[in-house]
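Heads up, the thing below is written out as structure tokens.
Side chains are part of it too, since the values below use all heavy atoms of this structure and drop only hydrogens, waters and symmetry mates.
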Amino acid sequence: MCGIVGLFLKDRSLEPQLGQLLSEMLITMTDRGPDSAGIAIYGSAAEGKAKVTIQSAKPEADFAGLENDLAEAGIPAKVSIKSTHAVIAIAADKLPAIRPLLTALRPDVRVMGSGDSVEIYKETGLPKDVVARFSVRSMGGSHGIGHTRMATESAVTTLGAHPFSTGSDQCLVHNGSLSNHNNLRRELVREGMTFETQNDSEVAAAYLTSEMAKGKDLGQALTGALDDLDGFFTFVVGTKSGFGVVRDPIACKPAVMAETDQYVAFGSEYRALVNLPGIETARVWEPEPATVYFWDHQKAA
């Protein structure tokens with residue numbers, strides 16, 4: 001039993017409130033998963049710039065002097081530290097080179113996510129503590145997803161927390177359990193995908209990344225998941241401009257959605273949505289089994 005939330009803003013005037021709204025939604029879901037929590041926020045992208053969110057169990061040591069070390073290695077960067085995480089802002093053309101360089105310079109650092117716009121913060125502990133630790137309430141953006149976890153498939157660790165990100169500006173949160181994740185992981189490894197954990201949800205994220213790398217949009221990749229993934233699942237997925245939801249054909253995991261002229265929202269339970277602006281007049285529904293829902297600011301996720 002885990003708790004999932006998601007918020008996709010249509011009304012740009014709400015963007016400064018994204019972190020606050022999403023934080024309250026996630027905290028409301030605390031009793032569905034007290035082990036760990038995480039949030040992905042999609043903020044504004046700067047032309048020619050990219051960012052990488054990293055995490056360290058020893059931030060004082062790993063983050064000290066990181067800007068200088070990256071610059072000396074040929075990647076000028078701005079490092080913004082938030083507790084155990086840091087966001088590295090770099091030129092977009094340096095993005096492919098920074099992961100191997102980080103491995104060489106700071107072998108204990110782990111990449112939480114990367115891309116033009118996404119920042120991902122996750123740690124063990126309650127949602128209220130994770131939200132406070134990373135000052136999520138003050139963050140703005142166009143859309144975001146969050147997760148509070150009750151571990152069933154793997155250890156309670158930072159890397160085992162959701163969201164999982166396996167592609168640029170892509171991430172996934174999951175409530176459920178996949179039965180064919182080991183076989184699928186082996187297939188994806190043969191395709192060149194790499195994995196940080198044994199978590200079945202990371203396999204689902206990597207599957208979608210792989211399918212989208214083949215030219216599918218988010219909606220098409222989620223449709224393929226209905227055939228290729230076995231088990232019980234509700235997925236909420238973010239891309240640079242898109243937001244998608246799908247439930248397995250049995251749909252035993254709870255889910256509710258709401259839509260107004262200002263936003264589309266998802267919660268594992270309706271109580272996650274009750275404080276959203278205009279919820280009283282929103283169209284509220286339970287997403288259908290084996291049905292893909294997705295929205296996109298650019299019409300092509």
Side-chain angles (χ1 to χ4, degrees), residues 18-19 23 36-141 144 146 155-171 192-197 199 202 205 209 238 240:
L18 177 67
S23 294
S36 57
I39 283 184
I41 297 284
Y42 288 85
S44 58
E47 185 70 27
K49 299 292 185 180
K51 47 190 174 180
V52 181
T53 310
I54 60 173
Q55 182 271 348
S56 172
K58 302 176 293 180
E60 296 85 359
D62 282 331
F63 298 161
L66 183 56
E67 279 188 10
N68 288 336
D69 291 347
L70 288 170
E72 288 179 2
I75 301 183
K78 172 65 176 176
V79 178
S80 302
I81 299 171
K82 286 189 178 183
S83 185
T84 58
H85 288 45
V87 177
I88 307 173
I90 58 174
D93 62 358
K94 300 295 186 182
L95 194 56
I98 196 167
R99 282 181 181 256
L101 182 57
L102 283 170
T103 299
L105 294 174
R106 300 291 192 276
D108 294 329
V109 158
R110 293 293 177 266
V111 174
M112 300 289 99
S114 64
D116 296 338
S117 61
V118 73
E119 296 181 20
I120 297 176
Y121 301 93
K122 58 183 186 178
E123 273 293 1
T124 56
L126 298 174
K128 68 178 181 63
D129 298 326
V130 173
V131 162
R133 169 179 278 188
F134 301 117
S135 303
V136 175
R137 293 180 188 275
S138 64
M139 297 181 69
V156 179
T157 63
T158 301
L159 286 179
H162 301 217
F164 283 99
S165 179
T166 54
S168 181
D169 283 314
Q170 298 172 19
C171 64
M193 299 294 296
T194 59
F195 293 88
E196 296 277 4
T197 74
N199 193 295
E202 186 180 15
T209 297
K240 181 179 178 180

Testing the basics here: between L95 and V52, what is the closest heavy-atom pair and its distance to 0.1 Å?
CD1-CG2, 3.5 Å
One pair to check against side-chain contact (heavy atoms from CB on, under 4.5 Å): V118 and T53. What are the steps and the verdict?
CA-CA 8 Å; V118 73; T53 310; over 6 Å; no
Give me the atom names and distance for the closest heavy-atom approach of D62 to R106.
O-NE, 2.5 Å
Heavy-atom closest pair (N199 atom, G160 atom, distance to 0.1 Å) is ND2-O, 3.5 Å
Reference residue I54; test side-chain contact (heavy atoms from CB on, under 4.5 Å); the match among T84, V109, I81
V109
What closest approach, in Å, do P163 and C171 show between heavy atoms, and which atom pair accounts for it?
CB-CB, 4.0 Å
Heavy-atom side-chain proximity of I90 to K78 below 4.5 angstrom
no
Distance from K94 atom NZ to L101 atom CG, nearest 0.5 Å?
10.5 Å
Any idea which heavy atoms bring I120 and S165 closest together, and the distance?
CD1-CB, 3.6 Å
In the structure I gave you, are the side-chain heavy atoms of V130 and K122 within less than 4.5 Å of one another anywhere?
no
Euclidean distance, E202 CD relative to H162 NE2, rounded to 0.5 Å:
10.0 Å
Inter- and intrachain pairs under ring pair (Phe, Tyr, Trp, His ring centres under 6.0 Å), touching residues 50-95, at least two apart:
H85-Y121, H85-F134
Got a sec, which pairs hit ring pair (Phe, Tyr, Trp, His ring centres under 6.0 Å) with one end in residues 87-119, sequence neighbours left out?
none
So S83 and E123, side-chain contact (heavy atoms from CB on, under 4.5 Å) or not? Walk me through it.
CA-CA 11 Å; S83 185; E123 273 293 1; over 6 Å; no
Kindly determine whether L18 and M139 satisfy side-chain contact (heavy atoms from CB on, under 4.5 Å), including the steps that lead there.
CA-CA 7 Å; L18 177 67; M139 297 181 69; over 6 Å; no
Side chains of L66 and L70: closer than 4.5 Å at any heavy-atom pair?
yes
Check the surroundings of atom NZ in K82: do more than 12 heavy atoms from other residues, nucleotides or ligands lie under 6.0 Å from it?
yes
Nearest 0.5 angstrom please: Q55 CD to D108 CG, how far?
10.0 Å
Partner residues of Y42 under the ring-ring contact (aromatic ring centres under 6.0 Å, His included) criterion, sequence neighbours left out:
H143
Calculate, to the nearest 0.5 Å, the distance between atoms OG and NZ belonging to S80 and K51 respectively.
9.5 Å
Rounding to 0.5 Å, atoms CG (L159) and CZ (R110) come to a distance of 6.5 Å
State, to 0.1 Å, how close S168 and G115 come at their nearest heavy-atom pair, and which atoms those are.
OG-CA, 3.4 Å
Mind checking the OG1-CG spacing from T124 to D129? Nearest 0.5 Å is all I need.
10.0 Å
Test side-chain contact (heavy atoms from CB on, under 4.5 Å) on V131 and R137; report intermediate values, then the result.
CA-CA 7 Å; V131 162; R137 293 180 188 275; 3.8 Å; yes
